[in-house]
Amino acid sequence: MAKDKKQVEQITDMEVDFTKWYTDVCKKAELIDYSSVKGLMILRPYGYAIWENIMGELDRRFKATGHQNVSMPMLIPESLLQKEKDHVEGFAPECAWVTFGGTEELEERLCIRPTSETLFCEHWHNIVHSWRDLPLLYNQWCSVLRWEKTTRPFLRHREFLWQEGHTLHATAEEAIAETEQQLETYADFCENILAMPVIRGCKTDKEKFAGAERTYTIECMMHDRKALQSGTSHYFGDGFCKAFDITFADKDNKQINPHQTSWGVSTRIIGGIIMTHGDNNGLVLPPKIAPIQVVVLPIAQHKEGVIEKATELVARLEALGLRVKGDFSDNSPGWKFAEYEMKGVPLRVEIGPKDIEENHCVAVSRVSGEKTIVSLDDLETKIPELLNDVQNGLFNKAKQNLEEHSYSATSLDATRQLVEENGGFVKTMWCGDEACEIAMKERAGVTSRCIPFQQEHIGDVCPVCGKPAKTMVIWGVAY
RNA sequence: CCGGGUGUGGCGCAGUUGGUAGCGCGCUUGACUGGGGGUCAAGAGGCCGCAUGUUCAAGUCAUGUCACUCGGACCA
């Protein structure tokens with residue numbers, strides 16, 4: 001088999017048109033479909049199965065760190081939304097409103113939640129009284145609505161699924177620790193489950209969340225070398241609590257405003273998985289998140305004993321706790337090969353009469369296309385090993401992409417040139433002045449992705465204004 | 001939100017000066033096949049995105065609208 005031969009004709013090559021490739025994958029892998037309202041998407045069973053696995057992994061981690069799930073209302077009265085000034089300014093332009101109940105116009109219009117900080121705050125105002133009530137570690141899985149102008153599958157929906165964690169703490173230190181802990185949860189999840197290497201850091205004031213005092217982010221590099229913010233956590237200080245009059249009596253019986261955080265990951269990250277690991281044959285899924293980890297394909301299944309043997313393989317692999325599918329439909333083997341490649345199944349196991357005779361099967365990696373003859377006696381040890389190879393291979397490939405396309409620069413012109421020629425991330429020093437950040441956007445075409453935790457010393461001055469530099473910033477073109 | 005493009009069976013497309021819709025793939029049934037998208041045969045499936053208008057007559061012309069898409073602006 002020619003490994004680099006293109007086998008799936010329906011998908012546009014990513015080198016030809018990356019955007020088209022991306023939407024082709026979303027549709028042909030049956031992840032998503034359009035509905036009749038712009039930006040409101042249908043997550044098909046296979047796409048939703050990926051989200052279910054993401055939810056499972058994250059939810060387990062949240063609960064392990066003491067968080068509880070809740071369900072808040074979907075509608076926010078306008079007066080409630082307006083209590084925190086920066087927040088409403090940030091979100092008002094993209095709110096959708098409910099103005100009628102039945103046939104009667106409402107006295108106060110209701111916003112369909114774009115995020116739920118205000119709802120949590122209103123509730124907390126009622127239930128928080130004492131230092132004994134803190135901390136409150138809440139999370140909810142829900143959908144939110146933001147009236148975006150440009151929409152794209154997974155990357156920018158108007159309605160999207162996410163989790164939003166909201167917590168309340170007695171002290172700033174504790175809240176900041178929570179914010180950092182949750183970012184680390186996201187980073188660990190991205191790297192170890194989704195095989196997506198991340199850069200951890202803070203957003204600049206210009207890029208931070210509306211109403212937040214500090215916004216943390218993990219940034220990933222996509223195959224086209226653009227940046228995708230894959231998870232974010234916010235430290236709010238006590239700003240919302242003051243606006244919503246949330247106070248508690250501390251041990252000295254003083255009334256104090258608590259400190260607040262929020263953090264979220266959305267279905268957007270599925271777009272990240274697609275653009276990090278996918279190739280010209282379609283989707284490629286890391287085994288740890290794949291709805292189907294191994295597909296077992298019988299060859300010449302009408303021949304005696306083939307279906308029985310294949311069924312047995314499915315059962316043996318399932319007994320290992322793997323997510324396995326046997327495809328016994330009457331499509332041709334070639335059709336099935338292409339189908340499961342398009343859907344990104346990490347490992348394919350072929351079993352036919354010749355294999356049965358020789359007591360082995362053939363395992364084929366989705367990433368390398370490499371065929372491995374596996375003795376049926378070694379099935380239980382060999383298949384998990386091969387899956388592990390795929391998982392690690394994907395991470396290393398993505399890491400290589402990130403490292404090969406990360407540059408340093410000491411001038412604005414050099415930054416522009418690097419990004420124009422190669423895309424990717426450029427590290428420079430920065431004075432901290434928003435004017436210089438805007439200049440980078442206008443003259444080099446990049447926005448600040450983050451101020452990474454891992455700082456490097458690239459120079460002493462800001463490349464834009466020449467004043468003394470405060471920090472190193474990573475710049476890039478973002479989704 | 002501004003500018004360009006596109007909406008015709010499930011998917012991809014054709015449809016001339018307006019005259020009552022066609023092709024490929026897929027789908028259904030059967031047989032033969034089966035280690036990279038098989039072969040043959042017989043079938044089913046369409047208010048031409050939606051609305052209004054012009055006309056004896058609209059997929060085709062006009063206006064509006066909705067969606068998709070590519071740029072740009074906007075966006076945690």
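If you're wondering where the values come from, they're calculated on a predicted model, not measured in any experiment. Each chain gets a letter, A, B and so on, in the order the sequences are listed, and its residues count up from 1. Hydrogens, waters and symmetry mates are skipped; everything else that's a heavy atom, side chains included, is used.
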A.B. asks: For atom P, what is the distance between B:G22 and B:U65, given to the nearest Å?
C.D. replies: 34 Å

A.B. asks: Separation of A:Ile373 atom CD1 from B:G35 atom P, in whole Å?
C.D. replies: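 Taking CD1 of A:Ile373 and P of B:G35, I get 16 Å after rounding.
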
A.B. asks: Can you tell me if A:Asp330 has over 12 outside heavy atoms packed within less than 6.0 Å of its CG?
C.D. replies: no

A.B. asks: Would you classify A:Tyr34 as touching base, sugar-phosphate or nothing, given that sugar-phosphate means primed atoms plus P, OP1 and OP2, and contacts are heavy atoms under 4.0 Å?
C.D. replies: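 Sugar-phosphate, backbone atoms only, no base.
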
A.B. asks: At 4.0 Å (heavy atoms only), tell me whether A:Thr19 reaches a base, stays on the sugar-phosphate, or touches nothing.
C.D. replies: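 The answer is sugar-phosphate, as A:Thr19 gets under 4.0 Å only of primed atoms, P, OP1 or OP2.
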
A.B. asks: Mind checking who B:G34 pairs with, Watson-Crick or G-U wobble, both distances under 3.5 Å?
C.D. replies: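 Across all strands, not a single nucleotide pairs with B:G34.
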
A.B. asks: Does the ring center of A:Trp263 lie less than 6.0 Å from the ring center of A:His67?
C.D. replies: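 Here the rings of A:His67 and A:Trp263 have centres that are less than 6.0 Å from each other.
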
A.B. asks: Across all strands shown, which nucleotide pairs with B:C48 by Watson-Crick or G-U wobble geometry, both distances under 3.5 Å?
C.D. replies: none

A.B. asks: Heavy atoms from C-beta onward define the side chain here; which of B:A76, B:C68, B:G35 lies closest to that of A:Thr232?
C.D. replies: B:A76

A.B. asks: So which nucleotide from B:G36, B:C11, B:G37 ends up closest to the side chain of A:Lys28?
C.D. replies: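 The listed nucleotide nearest to A:Lys28's side chain is B:C11.
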
A.B. asks: Taking atom C1' in both B:G71 and B:U33, compute the distance separating them and give it to the nearest angstrom.
C.D. replies: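 Nearest-Å result for B:G71 against B:U33 at atom C1': 50 Å.
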
A.B. asks: I need the CG-P distance between A:Asp330 and B:C32, as an integer number of Å.
C.D. replies: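 That distance rounds to 13 Å.
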
A.B. asks: Looking at B:G7, which nucleotide sits across from it as a Watson-Crick or G-U wobble partner, both distances under 3.5 angstrom, or is there none?
C.D. replies: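 Checking every strand shown, B:G7 finds its partner in B:C66, with both distances under 3.5 Å.
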
A.B. asks: Under a 3.5 Å limit for both distances, which nucleotide forms a Watson-Crick or G-U wobble pair with B:A41, could you say?
C.D. replies: B:U29

A.B. asks: Does the B:A73 base have a donor-acceptor partner in the side chain of A:Thr150 within less than 3.5 Å?
C.D. replies: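 Per atom types, the contact qualifies.
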
A.B. asks: Can you tell which of A:Lys203, A:Lys226, A:Arg200 makes a salt bridge (charged side-chain N to carboxylate O under 4.0 Å, His left out) with A:Glu219?
C.D. replies: A:Lys203

A.B. asks: To the nearest Å, how far apart are A:Lys441 NZ and B:C75 C1'?
C.D. replies: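 About 10 Å, once rounded to whole Å.
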
A.B. asks: How is A:His234 classified with respect to the nucleic acid when contacts are heavy atoms under 4.0 Å: base, sugar-phosphate, or nothing?
C.D. replies: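 Counting heavy atoms under 4.0 Å across all strands, no contact is made by A:His234.
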
A.B. asks: With sugar-phosphate meaning primed atoms plus P, OP1 and OP2, does A:Gly211 contact a base, only sugar-phosphate, or nothing at under 4.0 Å between heavy atoms?
C.D. replies: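 Result for A:Gly211 = nothing.
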
A.B. asks: When the C1' atoms of B:A44 and B:U28 are compared, how many Å lie between them, rounded to an integer?
C.D. replies: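 Each nucleotide's C1' atom is 7 Å from the other's.
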
A.B. asks: What is the nucleic acid contact for A:Gln301, judged by heavy atoms within less than 4.0 Å: base, sugar-phosphate only, or nothing?
C.D. replies: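 Base contact.
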
A.B. asks: Within a 6.0 Å radius of atom CD on A:Glu15, are there more than 12 heavy atoms belonging to other residues, nucleotides or ligands?
C.D. replies: yes

A.B. asks: When you measure from the side chain of A:His87 to the backbone of A:Glu84, do you find a donor-acceptor pair of N or O atoms at a distance under 3.5 Å?
C.D. replies: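 Judged by distance alone, no pair lies under 3.5 Å.
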
A.B. asks: NE2 of A:His302 versus P of B:G38: gap in Å, rounded?
C.D. replies: 16 Å

A.B. asks: Just compare B:C68, B:G34, B:G37 and give me whichever is closest to any side-chain atom of A:Lys38.
C.D. replies: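 Among the listed nucleotides, the one closest to the side chain of A:Lys38 is B:C68.
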
A.B. asks: Can you tell me the base-pairing partner of B:U20? Count Watson-Crick or G-U wobble geometry only, both distances below 3.5 Å, and say none if there is no partner.
C.D. replies: none

A.B. asks: Show the numbers, then the answer: is there a salt bridge (Lys or Arg N to Asp or Glu O under 4.0 Å) between A:Arg366 and A:Asp279?
C.D. replies: CA-CA 10 Å; A:Arg366 173 62 179 85; A:Asp279 65 20; 2.8 Å; yes

A.B. asks: Between atom CG in A:Asp33 and atom P in B:U69, what is the gap in whole Å?
C.D. replies: 11 Å

A.B. asks: Can you tell me which nucleotide in B:G36, B:G35, B:U69 comes closest to the side chain of A:Asp355?
C.D. replies: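 That would be B:G35.
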
A.B. asks: With respect to the side chain of A:Arg146, which nucleotide from B:C74, B:G37, B:A76 is positioned closest?
C.D. replies: B:A76

A.B. asks: Could you check whether A:Arg61 pairs with A:Asp188 (Lys NZ or Arg NE/NH1/NH2 to Asp/Glu carboxylate O, under 4.0 Å)?
C.D. replies: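 Counted as a salt bridge, because a side-chain N and a carboxylate O are separated by less than 4.0 Å.
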
A.B. asks: What is the distance, rounded to the nearest whole Å, between atom CD of A:Glu148 and atom P of B:C75?
C.D. replies: 10 Å

A.B. asks: Describe the nucleic acid contact of A:Lys149 in one word from base, sugar-phosphate, nothing, applying a heavy-atom distance below 4.0 Å.
C.D. replies: base

A.B. asks: Between B:C25 and B:A14, how far is it from one C1' atom to the other, in whole Å?
C.D. replies: 15 Å

A.B. asks: I need the NZ-P distance between A:Lys303 and B:U33, as an integer number of Å.
C.D. replies: 9 Å

A.B. asks: Between atom CD1 in A:Ile356 and atom C1' in B:G34, what is the gap in whole Å?
C.D. replies: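 My rounded result for the distance is 14 Å.
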
A.B. asks: Does A:Lys336 make a side-chain N or O approach to OP1 or OP2 of B:G36 shorter than 4.0 Å?
C.D. replies: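 False: A:Lys336 side-chain N/O out of range (4.0 Å or more) of B:G36 OP1/OP2.
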
A.B. asks: Check each of A:Lys336, A:Arg348, A:Lys28 against A:Glu341 using the salt bridge (charged side-chain N to carboxylate O under 4.0 Å, His left out) test, and report the only one that passes.
C.D. replies: A:Arg348

A.B. asks: Whether the side chain of A:Arg348 and the base of B:G36 hold a donor-acceptor pair under 3.5 Å is what I'd like checked.
C.D. replies: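 A donor-acceptor contact between them is present.
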
A.B. asks: Can you tell me, in whole Å, how much space there is between the C1' of B:C70 and that of B:C50?
C.D. replies: 24 Å

A.B. asks: Please measure how far the P atom in B:A51 lies from the corresponding atom in B:G9, and state the result in whole Å.
C.D. replies: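 It works out to 15 Å between them.
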
A.B. asks: For A:Glu94, which contact category applies under a 4.0 Å heavy-atom criterion: base, sugar-phosphate, or nothing?
C.D. replies: sugar-phosphate

A.B. asks: Taking the nucleotide of RNA chain B with the nearest heavy atom to each, does A:Thr215 or A:Ile299 sit closer to the 5' end?
C.D. replies: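 The residue closer to the strand's 5' end, by nearest nucleotide, is A:Ile299.
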
A.B. asks: When rounded to the nearest Å, what value does the distance between C1' atoms of B:C13 and B:U8 take?
C.D. replies: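 Comparing C1' positions in B:C13 and B:U8 gives a spacing of 9 Å.
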
A.B. asks: Ignoring the backbone of A:Thr151, work out which of B:C68, B:G37, B:A76 is nearest its side chain.
C.D. replies: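 Among the listed nucleotides, the one closest to the side chain of A:Thr151 is B:C68.
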
A.B. asks: Run the side-chain contact (heavy atoms from CB on, under 4.5 Å) check on A:Met41 and A:Phe160 step by step: do they pass?
C.D. replies: CA-CA 8 Å; A:Met41 307 295 204; A:Phe160 57 91; over 6 Å; no

A.B. asks: Paired with B:U55: which nucleotide, if any, by Watson-Crick or G-U wobble criteria at under 3.5 Å for both distances?
C.D. replies: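 For B:U55, the partner nucleotide comes out as none, under the 3.5 Å rule.
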
A.B. asks: From B:G35, B:G36, B:A76, pick the nucleotide closest to the side chain of A:Val364?
C.D. replies: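 Nucleotide nearest to A:Val364's side chain: B:G36.
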
A.B. asks: For B:G59 versus B:G49, give the span between their C1' atoms, rounded off to a whole number of Å.
C.D. replies: 12 Å

A.B. asks: Contact class for A:Trp147 vs. all strands (heavy atom < 4.0 Å): base, sugar-phosphate, or nothing?
C.D. replies: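 Answer is nothing: A:Trp147 stays at 4.0 Å or more from every strand.
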
